[in-house]
Protein chains: 2
Amino acid sequence: MDPNLIPFFKAAVSVDNVVFGFDQSGLKVLLIYRGADPYRNCWALPGDLISLDSDLSSSAEKVLQDLTGLDKVYMEQIHTFGKVDRHPFGRVFTVAYFALIKIEDYNIHPSSWAEEAAWFPISEIPDLPFDHNEILLFAKDQLKTKIRRQPIGFELLPKYFTLTELQKLYESILETEFDVRNFRKKILSMDFITDTGLKQSCVTHRPAKLFKYNAKKYSKISSSDFAFDL
Amino acid sequence: MDPNLIPFFKAAVSVDNVVFGFDQSGLKVLLIYRGADPYRNCWALPGDLISLDSDLSSSAEKVLQDLTGLDKVYMEQIHTFGKVDRHPFGRVFTVAYFALIKIEDYNIHPSSWAEEAAWFPISEIPDLPFDHNEILLFAKDQLKTKIRRQPIGFELLPKYFTLTELQKLYESILETEFDVRNFRKKILSMDFITDTGLKQSCVTHRPAKLFKYNAKKYSKISSSDFAFDL
DNA sequence: TGGTATTATTGTATATTTTACAATATATTC
DNA sequence: GAATATATTGTAAAATATACAATAATACCA
């Protein structure tokens, strides 16, 4: 393949990941402390330039893999950002992805381009370099839209979870509150979680039942039939 | 701005537009007959390589403007495609957009890269070069999702339209059929079309009332409140 | 062991929305 | 004015969403 067959202007292309996690304190985003110019020593979205021989989606997966050690993570492309001056060093298009990870599985593996990585509550994101704040907005919005239509919330929860945790998750993402009874009726009627028969332990109050996500049941349902309007 | 500040691999970036139109025979897509290699003399999506000084969205708009002469068209980014071998001449990322145009406004302006352009019914799209068939699938899917949540269908209709035309539009895009009475109740209850008091003329049967889209009313409603589930 | 603190769990009545279904109205043409 | 063609409209039943608070299960402590 002769790259010169395309005699036009070329640009660098990068991927940037918005990595969401969730714990009892709410929805969080994983940011890295940049160890390279530009914007060295700033908190930013984890991302990297794409190399010649990587597909787009593989590149996004690799960034996440390098950073978290996690594989087979739920990822989805959000949007591509291509303003002329979005990068101070030249023309760089960036393709943004969001990823949902189980925060308990995450182990810090700062990468070549990251000195450090940390979770930031979604409501306390600092000013980010490039157009990363805009990217984050897109990601939040897309997550909101998506979770109302598809059962992707489980990607953020441990294998076993309580209905209260699930409700808090939906409430954090959708930035609203639900009636406990109505939430449970709705989510149970959708028939993609199963009572494991297990219960919480080591809690100082009535232990909650533990549920698990039932992917098989869902896979029979067309995506347009699922909605979370409460 | 010194392009050499980014010493990494660079690639060409293009935009490809999926241009939708609608008339009484249904939903259509505008394809061009390629006048340049590769795939010269094939029907394909209209697109072009991005130049140094154009923002991403401006590039997509320019492709459409060159091709149709139309300005201020509803466009939305769909997805970016970046498989290593998607272009035979080298690494080319393409950012796909869809556009909704009023087919009656369209005038043929074949471009430097197009010898000819023509509307193809959505059900009769030929084999397309590159990954253009895949792009088209994404576009159809996104249009389907979008029209259920936002009143964008009007972008495909003339200023004045009948409820029957509107119903046919929704049916074409969603690939389903609605009950006449229920469709009308639903769409009228959403309160973004207005009866103009005018009627169809030159028809050989009872003339239908003409409606128009009422953008102002809609603009007060948050996008998540609108849904077209019938 | 019984009381307290804490969170989990559950049901029902009402309002709203969706669905299913067919007769009548208005124009043109002959 | 009869025939043809499409436009327009209502109602009852079913399903879904909403509003709302009392009881249950555990740990802890006195």
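All values derive from a computational prediction rather than experimental measurement. Every chain is numbered from 1, with letters handed out A, B, ... down the list of sequences.
Residue contacts shown for A:S189 are absent, as no nucleic acid heavy atom lies under 4.0 Å away. Using a 4.0 Å heavy-atom criterion, one finds that A:T164 contacts the sugar-phosphate atoms exclusively. In this structure, B:V180 reaches the bases: a heavy-atom distance under 4.0 Å links it to at least one base atom across the strands shown.
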Begin with the C-alpha distance, continue with both residues' side-chain angles, and end with the deciding distance and a verdict on salt bridge (charged side-chain N to carboxylate O under 4.0 Å, His left out) for B:K72 and B:E61. CA-CA 8 Å; B:K72 295 177 188 165; B:E61 285 159 17; over 6 Å; no
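Here D:dA7 presents its P atom at 13 Å from CZ of B:F183, a figure rounded to the nearest Å. Between the C1' atom of C:dT9 and the CD atom of A:Q200 lies a distance of 13 Å, rounded to the nearest Å. Rounded to whole angstrom, the span from the CZ atom of A:F178 across to the P atom of D:dA19 amounts to 12 Å. A straight line from CG of B:D179 to P of D:dA12 spans 17 Å, rounded to a whole angstrom. C:dT28 atom P lies 10 Å from atom NZ of B:K199, rounded to whole Å.
A donor atom on one side chain and an acceptor atom on the other are found under 3.5 Å apart for B:S25 and B:K28.
In terms of heavy-atom proximity, A:T80 sits nearest to B:L56 at O-CD2, 3.5 Å. Looking at every heavy atom in both residues, A:Q167 comes nearest to A:F178 through NE2-O, 2.9 Å.
Between B:F161 and the options B:F211, B:F154, B:Y170, a ring pair (Phe, Tyr, Trp, His ring centres under 6.0 Å) holds for only B:F154.
Closest-nucleotide positions on DNA chain D for A:R181 and A:P207 were compared, and the one nearer the 5' end corresponds to A:R181. Looking at which nucleotide of DNA chain C each of A:K209 and A:K185 is closest to, the 5′-most match is held by A:K209.
The side chain of B:T204 approaches C:dT28 more closely than any other nucleotide in the set D:dC20, C:dT28, D:dT6. You'll find that the side chain of A:A208 is closest to C:dT9, out of C:dT9, D:dC28, C:dA27. Side-chain atoms of B:N182 lie closest to D:dG10 of the nucleotides C:dA8, D:dG10, D:dA7. Side-chain atoms of A:K186 lie closest to D:dA17 of the nucleotides D:dA7, D:dA27, D:dA17. Distances from the side chain of B:H205 to the nucleotides D:dT9, D:dA5, C:dT7 place D:dA5 closest.
Between the side chain of B:R206 and the base of C:dA25, a donor-acceptor pair under 3.5 Å is found.
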